[in-house]
Engineer: 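Got a structure for you, written out below as C-alpha cells; questions coming shortly.
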Amino acid sequence: MNLFIDYQTKILKLLKKLESKEIIKIPKKINSITIELPPKNQEAHISCNAAMLLAKENNQKPIEVAKILVKHFTKDFKEFNSVEIAGPGFLNISFNQKFWKNYLNQVIKLNTKYGSNKLKKKKYNIEFVSANPTGPLHVGHCRGAVLGDTLANIFTFNGNNVTKEYYVNDYGGQIKIFVNSVYYRILEIIKNEPFPSNLELYPGDYIIDIAKEVIKSKSIKDFSNLKKIFNLLSKKSISLSMKIIENNLKMLGIKHDNFVYESNLVKNNLVNNVIKKLKVKNYVYNGKLDVPKGEQTKEWKQRDQLLFRSSLFGDDTDRPLQKIDGSWTYFAGDMAYHSNKISRKFDILINILGADHAGYTKRIISVTKAISNNKVDLICKVSQLVKLFKNGEPFKMSKRKGDYITIEDLINEVGADATRFIMLNRSNDVEFDFDFKKVTEKSKDNPVFYVQYAYARINSVFRSLKVNLKSNLKINNEKYLLNNHELEILKKIAEWPKCINLSLSKLEPHRIPFYLYELATLFHSYWTLGNVNKEYRFINEEKNLTRLALLQAVSIVIKNGMTILGVSTPEKM
RNA sequence: CUGCCUCUAGCUUCAACUGGAUAGAGCGCCGCGCUUCGGACGCGGAGGUUGGGGGUUCGAAUCCCUCGAGGCAGGCCA
C-alpha cells in the first residue's frame, strides 16, 4: 500500500483511456507524471503534475489541460472530494472522509507490515564494520555500523533476503603489530619484562586484557620463542579481539550473520585462483606504476610488481596486488573475498566504507566488474567522517597511542537508542561533528526522546481507557468526521510508505528519523490542543473509535519506524 | 598535483519527496499558552542572493561548466 504509487498507476490508466478516446495525447515521458505531496500551505492531500507534462504534446497551456483533467478526475474517482488547479497547473486533490477511514482501517490491518513496499524480492549482501580485529571498536566505527545495520533492516522490512557480513582482516601488517603487542604484554605479566617502547606496538589497556585471557586459557605453555608460537598466539588473540568487537556491536543491537576471514581466503588459495583467472583475461599483469604526482619522490622506488588493470574500469590507476616481500596486499585479499561474494549469487552487493577508505571504492568496484564480466554491481556507500570534539576542541583518536573513545564508552554515557538515532539523523555523506561532551549533556532533549514520548503518550491513553493497543481497532460506518488536524496526521501517515521506499531505493536511512520526528510533532501539537479545548481530547464523551484508530495508526508507524532504526519504544517513560 | 565528498538562517545541527508551487525543521534569541487524557509539551515572531559567477528550460538548492573554501584519499597501511 503506497498512496503515491497507487494513484500514479490509477491516473496513468485514466490518461491512457482518455488517449484512446482521443481526448488527450500522451507524451513519451509518461513516467515523469507523478503524485507529489502538496506544499505545506496547501490543504490538498495529494497533487499531480500531469497537466504540465501534457501541455506541450497537446499544444495547450497547462491550465487548459488541467481543466480537462479536472472534469475526468472528478467523474472517475468517486473518492476524490475535490480537484483544484493550483500554481502553474498542479492538480490538487483531496480525498473524502470515507476514503480516509478506510485507509486507517487498512493501516491497522497491515500493522507491522504497514510501510513495506511490494517489490520484487531480492537477495542482498551487505558488508559493514569490517574493522581490523586488533581491539575494541571506537566511535568512528559506530556510524558505519549503524548505517549498515539499519539499511539491512530496511531491506528485511521490505521482504528481501539479507546477509549481514563482516570481513575479518586477519592477515597483514597490522595483525603482526597486534600479535607482537599481546606477546610483549604476556612477557610483562609472566616474566616481569618491561613493555618495549622502541618497537611499533599498540599501547592500549585492552591488549593487557587479551594477554591475561591468553595466559588464562593455558593453550600456550612456553612463551620463550615468539616465532614458534606466532600462529597459535595470533589465532587466539584475534578470536579474543573478535569477541570484544562482537560484544561492542551487540551493545548497539547489531549482529552479523556471517564472518569471512581473510586468512581463510589465503589459505584456501582463493587469492591465487582469482589472480590466475584474471591473468587469463589479461586484467592482471606485471608492470610498473607511475610515481603519483605531488608525491615526494625521495621514498618512491619504481619496481616491477603484480598489478590489476583497474584503470580499464574507471579507476585512476592500476593497483598492486603483491607487497615487496611477496605477501598479498589488502586489495588482493579483498579481490578474492569479492569473487567469493559473487559466487554466492546475490542480486545486490553493498559495502559500507568509512570516509578514509573512499579512495578505495573505484578499485573494488572495478574488480567486481572484472570478475563478474560486468554482470554484478557493487554499491559502495561511504559514511563520512565523524569529527570528534571534546569540550569544543577537536579530538584526534589514535589506536597507536591507545587514546580513543570506544563504542562502549559512548553507549554507557548516551545509551544505544540515542546513539543510533543521532548517527542516523543526518545524511551519511555529510560530515558530522560529534561533541562527546555536548551529546551527553544534551541527551535529554535529544530527538529520540521526543519520538519515544509520543509513543508513550499514546500508550497512556490506551491504558486509561483500558483498551489493548495491540489488538486492532476497526472503524465501521461511524458518523464522526475527521477534523483538519486529524487529516494532517493521516496525510503524514500516508506518507510513510513513500519514506520507506525512498530510503530503500536511495539507501538513505536518515529520512526515517526525520519523518518520525515530523509525525511526532503533528501528534504532540494535536495533543496540546486538547489541553485548551476539550473537544480535541482523545478521551471524550463521544467515545469515537475513529480518533482512537488514528492514534493506533500513529503508534504503529512509530513502532515500525523505530524498529527499523533499532531504537526501542518504551510504553512508559 | 590528481580523484572523491561537502558548502542552505546567528550556528561545530541538518531537511527539501531526486527538476516543481512562497526553500523547511532543530538549537539559540524574543514574545506567549497550559493548575495537564503524563510539561521530556505546544503556539507565534525575527532570521535566507541555497559559497561566487555563468549555462541548460515553462521551472534549478537540485543537472552542466567555472572559480573559491573545508575535509578525506593517493604502491610496498588497511
Side-chain angles (χ1 to χ4, degrees), chain A residues 4 32 34-42 47 49 52 55-56 61-62 86-90 92 130-132 134 169 172-175 177 288-295 299-303 305 307 315-325 327 329-331 333-334 354-362 382 384-385 387 389 392 394 422 425-427 429-435 438 442 444-447 449-450 452-454 456-457 460-461 463-465 495 498-499 501-502 505-506 510-511 514 517-518 521 524-532 534 537-540 572-573:
Chain A
F4 299 87
S32 310
T34 53
I35 302 298
E36 290 158 16
L37 214 58
K40 299 202 170 171
N41 55 348
Q42 302 282 338
S47 136
N49 62 356
M52 281 132 72
K56 216 175 202 175
K61 285 180 182 167
F90 285 100
N92 282 346
S130 297
N132 284 348
T134 55
N169 176 233
Q174 296 299 319
I175 291 296
I177 298 173
K288 288 187 172 85
L289 277 182
D290 290 336
V291 183
K293 282 171 188 168
E295 187 88 353
E299 303 272 323
W300 179 278
K301 276 178 195 156
Q302 206 176 38
R303 68 174 183 97
Q305 59 191 151
L307 297 169
D315 200 357
D316 315 318
T317 171
D318 294 345
R319 303 292 177 175
L321 299 168
Q322 225 164 5
K323 297 182 199 171
I324 202 153
D325 67 357
S327 64
T329 58
Y330 173 82
F331 178 51
D334 212 10
D356 50 342
H357 293 133
Y360 189 74
T361 56
K362 276 188 184 172
V382 175
Q384 282 300 325
L385 222 65
K387 271 197 270 177
F389 289 80
I422 292 169
N425 201 18
R426 65 239 317 116
S427 158
D429 42 30
V430 130
E431 281 174 28
F432 170 22
D433 294 332
F434 191 90
D435 193 318
K438 226 177 188 174
K442 272 181 141 188
K444 273 199 176 156
D445 56 15
N446 191 296
F449 297 109
Y450 185 82
Q452 286 178 326
Y453 186 46
R457 276 182 153 175
S460 134
V461 171
R463 260 198 311 274
S464 332
L465 288 173
E495 208 185 314
K498 190 185 173 112
C499 171
N501 200 11
L502 277 168
S505 59
K506 300 290 166 191
H510 72 270
R511 292 165 185 281
F514 274 100
Y517 191 89
E518 284 163 15
T521 300
H524 286 307
S525 171
Y526 188 48
W527 177 284
T528 312
L529 278 181
N531 286 345
V532 188
K534 291 201 171 163
R537 296 200 168 192
F538 292 106
I539 300 175
N540 55 34
K572 287 181 184 175
M573 285 175 75

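The figures that follow rest on heavy atoms only: side chains count, while hydrogens, waters and symmetry mates do not. Chain letters run A, B, ... following the sequence lines, proteins first and then strands; every chain starts at 1.
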Engineer: Classify A:Tyr330 by what it touches in the nucleic acid, base, sugar-phosphate, or nothing, heavy-atom distance under 4.0 Å.
Structural biologist: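 Base contact - A:Tyr330 has a heavy atom under 4.0 Å of at least one base atom.
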Engineer: With respect to the side chain of A:Phe90, which nucleotide from B:C37, B:A21, B:A15 is positioned closest?
Structural biologist: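 Taking heavy atoms from C-beta onward, the closest nucleotide is B:A21.
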Engineer: Let me know the distance between CG of A:Asn92 and P of B:G20, rounded to the nearest Å.
Structural biologist: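 Roughly 15 Å, once rounded to whole Å.
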Engineer: So which atom in A:Asn425 and which in A:Pro447 form the shortest heavy-atom distance, rounded to 0.1 Å?
Structural biologist: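 So the minimum-distance heavy-atom pair works out to ND2-CG, 3.9 Å.
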Engineer: Under 3.5 Å, is there an N or O donor on one side and an acceptor on the other linking the side chain of A:Thr521 and the base of B:A25?
Structural biologist: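 Result: no qualifying N/O pair found.
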Engineer: Could you check which of B:A21, B:G42, B:G75 has an atom nearest any side-chain atom of A:Ser525?
Structural biologist: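 Looking only at heavy atoms from C-beta outward on A:Ser525, the closest nucleotide is B:G42.
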Engineer: A:Asn49 side chain: which of B:G20, B:G33, B:C77 is closest?
Structural biologist: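 Shortest atom-to-atom distance from the side chain points to B:G20.
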Engineer: When you measure from the side chain of A:Leu502, which nucleotide among B:C76, B:C17, B:A21 comes out closest?
Structural biologist: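 Given the options B:C76, B:C17, B:A21, the side chain of A:Leu502 is closest to B:C17.
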Engineer: Pick base, sugar-phosphate or nothing for A:Pro38, based on heavy-atom distances below 4.0 Å to the nucleic acid.
Structural biologist: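 Base: the residue A:Pro38, judged by heavy atoms under 4.0 Å, touches a nucleobase.
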Engineer: Assuming nearest nucleotide by heavy-atom distance, tell me which of A:Ala358 and A:Glu518 is located more 5' along RNA chain B.
Structural biologist: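 Mapping each residue to its closest nucleotide by heavy atoms, the 5'-most match is A:Ala358.
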Engineer: Where the side chain of A:Phe449 is concerned, which of B:G75, B:A40, B:C37 is the nearest nucleotide?
Structural biologist: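 The listed nucleotide nearest to A:Phe449's side chain is B:A40.
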Engineer: What's the gap between B:A61 and B:C1 when it is taken at their C1' atoms, as a whole Å value?
Structural biologist: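 Nearest-Å result for B:A61 against B:C1 at atom C1': 31 Å.
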Engineer: Do we see a donor-acceptor contact under 3.5 Å between the side chains of A:Tyr360 and A:Asp334?
Structural biologist: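 Distance-only check passes for A:Tyr360 and A:Asp334.
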Engineer: For B:A46 versus B:G10, give the span between their C1' atoms, rounded off to a whole number of Å.
Structural biologist: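 One C1' to the other, the span is 11 Å.
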Engineer: I need the minimum non-hydrogen distance between A:Ile539 and A:Ser464, along with the two atoms involved.
Structural biologist: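 Heavy atoms of A:Ile539 and A:Ser464 come nearest at CD1-CB, 3.9 Å.
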Engineer: What integer number of Å spans the C1' atoms of B:U18 and B:A23?
Structural biologist: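 Pairwise C1' distance, B:U18 against B:A23, rounds to 15 Å.
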Engineer: Would you kindly give the CZ-to-P distance between A:Arg319 and B:G3, to the nearest whole Å?
Structural biologist: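 Distance, rounded to whole Å: 13 Å.
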Engineer: How many whole angstroms separate atom NE2 of A:His510 from atom P of B:U6?
Structural biologist: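 Interatomic distance, NE2 of A:His510 to P of B:U6: 12 Å.
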Engineer: Checking A:Asn132 against A:Thr134: is there a side-chain donor and acceptor pair closer than 3.5 Å?
Structural biologist: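 No, A:Asn132 and A:Thr134 have no side-chain donor paired with an acceptor closer than 3.5 Å.
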Engineer: Between the base of B:C37 and the ring of A:Trp527 - centre-to-centre under 5.5 Å, planes within under 30° - is that a stack?
Structural biologist: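 Here the ring of A:Trp527 and the base of B:C37 are stacked, with centres under 5.5 Å and planes under 30°.
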Engineer: Using OP1 and OP2 only, check whether a side-chain N or O of A:Arg463 sits under 4.0 Å from B:C37.
Structural biologist: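 No, A:Arg463 has no side-chain N/O under 4.0 Å of OP1/OP2 on B:C37.
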Engineer: Mind checking whether A:Tyr450 and A:Tyr517 have parallel, tilted or perpendicular rings, split at 30° and 60°?
Structural biologist: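 If you compare the ring of A:Tyr450 with that of A:Tyr517, the planes turn out parallel.
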Engineer: Determine the Euclidean distance between corresponding C1' atoms of B:G59 and B:C14; express it in Å to zero decimal places.
Structural biologist: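 Their C1' atoms lie roughly 26 Å apart.
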Engineer: Taking the side chain of A:Ser47 as its heavy atoms from C-beta onward, which of B:C17, B:C41, B:A21 lies nearest to it?
Structural biologist: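 The nucleotide sitting nearest to the side chain is B:A21.
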Engineer: Report yes if at least one side-chain N or O of A:Tyr517 is closer than 4.0 Å to OP1 or OP2 of B:U13; otherwise report no.
Structural biologist: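 Checking B:U13 against A:Tyr517, no side-chain N or O comes under 4.0 Å of OP1 or OP2.
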Engineer: Who is the Watson-Crick or G-U wobble partner of B:G75, with both distances under 3.5 Å?
Structural biologist: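 Answer to the pairing question: none, since B:G75 forms no Watson-Crick or G-U pair.
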Engineer: Nearest whole Å is fine: how far is B:G26 C1' from A:His524 NE2?
Structural biologist: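 Rounded to the whole Å, the gap is 14 Å.
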Engineer: Between A:Lys534 and A:Asn540, does the side-chain contact (heavy atoms from CB on, under 4.5 Å) criterion hold? Intermediate values first, please.
Structural biologist: CA-CA 8 Å; A:Lys534 291 201 171 163; A:Asn540 55 34; over 6 Å; no
Engineer: Which of the following nucleotides, B:A21, B:C37, B:G42, is nearest to the side chain of A:Arg537?
Structural biologist: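 The answer is B:C37, which lies nearest to the side chain.
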Engineer: Please state how far atom NZ in A:Lys362 lies from atom P in B:C72, giving the value in whole angstrom units.
Structural biologist: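 Whole-Å distance recorded here is 19 Å.
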Engineer: Taking all atoms of both residues into account, what is the closest heavy-atom pair of A:Pro38 and A:Asn92, and its distance?
Structural biologist: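 Where A:Pro38 meets A:Asn92 most closely, the heavy atoms are CB-OD1, 4.5 Å.
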Engineer: Taking CG from A:Asp356 and P from B:G3, how many angstroms apart are they, rounded to a whole number?
Structural biologist: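 Going from A:Asp356 (CG) to B:G3 (P), I get 21 Å.
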Engineer: Determine the interatomic distance between C1' on B:G48 and the same-named atom on B:A40; round to the nearest Å.
Structural biologist: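 Pairwise C1' distance, B:G48 against B:A40, rounds to 32 Å.
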Engineer: For B:U56, give the paired nucleotide (Watson-Crick: N1-N3 plus N6-O4 or O6-N4; G-U: N1-O2 and O6-N3; both under 3.5 Å), or none.
Structural biologist: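 Its partner: none found.
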Engineer: Mind calculating the distance between CD (A:Gln322) and P (B:C76) to the nearest angstrom?
Structural biologist: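 My rounded result for the distance is 13 Å.
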Engineer: State, to 0.1 Å, how close A:His524 and A:Arg457 come at their nearest heavy-atom pair, and which atoms those are.
Structural biologist: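 Scanning both residues, the minimum pair turns out to be ND1-NH1, 3.0 Å.
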Engineer: With nearest nucleotide decided by heavy atoms, which residue, A:Glu36 or A:Ala355, maps closer to the 5′ end of RNA chain B?
Structural biologist: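 Closer to the 5' end of RNA chain B: A:Glu36.
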Engineer: Among the candidates B:G42, B:A40, B:C17, find the nucleotide nearest to the side-chain atoms of A:Lys498.
Structural biologist: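 Nearest nucleotide to the side chain: B:C17.
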Engineer: Just compare B:A21, B:G24, B:C76 and give me whichever is closest to any side-chain atom of A:Lys40.
Structural biologist: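 That would be B:G24.
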Engineer: Closest approach of A:Leu289 and A:Asp318, non-hydrogen atoms and distance?
Structural biologist: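 Smallest interatomic distance, heavy atoms only, reads CD2-O, 3.4 Å.
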Engineer: Is there a Watson-Crick or G-U wobble partner for B:A69 with both distances under 3.5 Å, and if so, which one is it?
Structural biologist: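 B:U6 - that is the nucleotide pairing with B:A69, both distances being under 3.5 Å.
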Engineer: Using Watson-Crick or G-U wobble geometry with both distances below 3.5 Å, tell me the partner of B:C17, or none.
Structural biologist: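 Its partner is none (no Watson-Crick or G-U wobble pair with both distances under 3.5 Å).
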Engineer: Once you apply the 3.5 Å cut-off to both distances, tell me the Watson-Crick or G-U wobble partner of B:C11, or none.
Structural biologist: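 Checking every strand shown, B:C11 finds its partner in B:G26, with both distances under 3.5 Å.
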Engineer: Rounding to the closest angstrom, what is the interatomic distance between B:U35 and B:C17 at atom C1'?
Structural biologist: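 The same atom, C1', in both gives a distance of 43 Å.
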Engineer: Using Watson-Crick or G-U wobble geometry with both distances below 3.5 Å, tell me the partner of B:C32, or none.
Structural biologist: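 Per the H-bond distance test, B:G42.
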Engineer: How would you label the contact of A:Phe4 with the nucleic acid (heavy atoms, under 4.0 Å): base, sugar-phosphate, or nothing?
Structural biologist: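 Counting heavy atoms under 4.0 Å across all strands, no contact is made by A:Phe4.
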Engineer: Distance check, C1' atoms only: B:U49 and B:C29, in whole angstrom units.
Structural biologist: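 Rounded to whole Å, the distance is 24 Å.
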Engineer: Between B:G26, B:C37, B:G3, which one does the side chain of A:Ser464 approach most closely?
Structural biologist: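 Of the options given, the side chain of A:Ser464 lies nearest B:C37.
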Engineer: With heavy atoms under 4.0 Å as the rule, sort A:Gly173 into base, sugar-phosphate or nothing.
Structural biologist: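 Result for A:Gly173 = sugar-phosphate.
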Engineer: How many Å lie between CG on A:Leu37 and P on B:C17, as a whole number?
Structural biologist: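 Result: 11 Å.
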Engineer: Describe the nucleic acid contact of A:Ala456 in one word from base, sugar-phosphate, nothing, applying a heavy-atom distance below 4.0 Å.
Structural biologist: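 A:Ala456: base contact, heavy atoms under 4.0 Å.
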Engineer: For the P atoms, the ones on B:U13 and on B:C32, what distance do you get once it is rounded to whole angstrom?
Structural biologist: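 Their P atoms lie roughly 30 Å apart.
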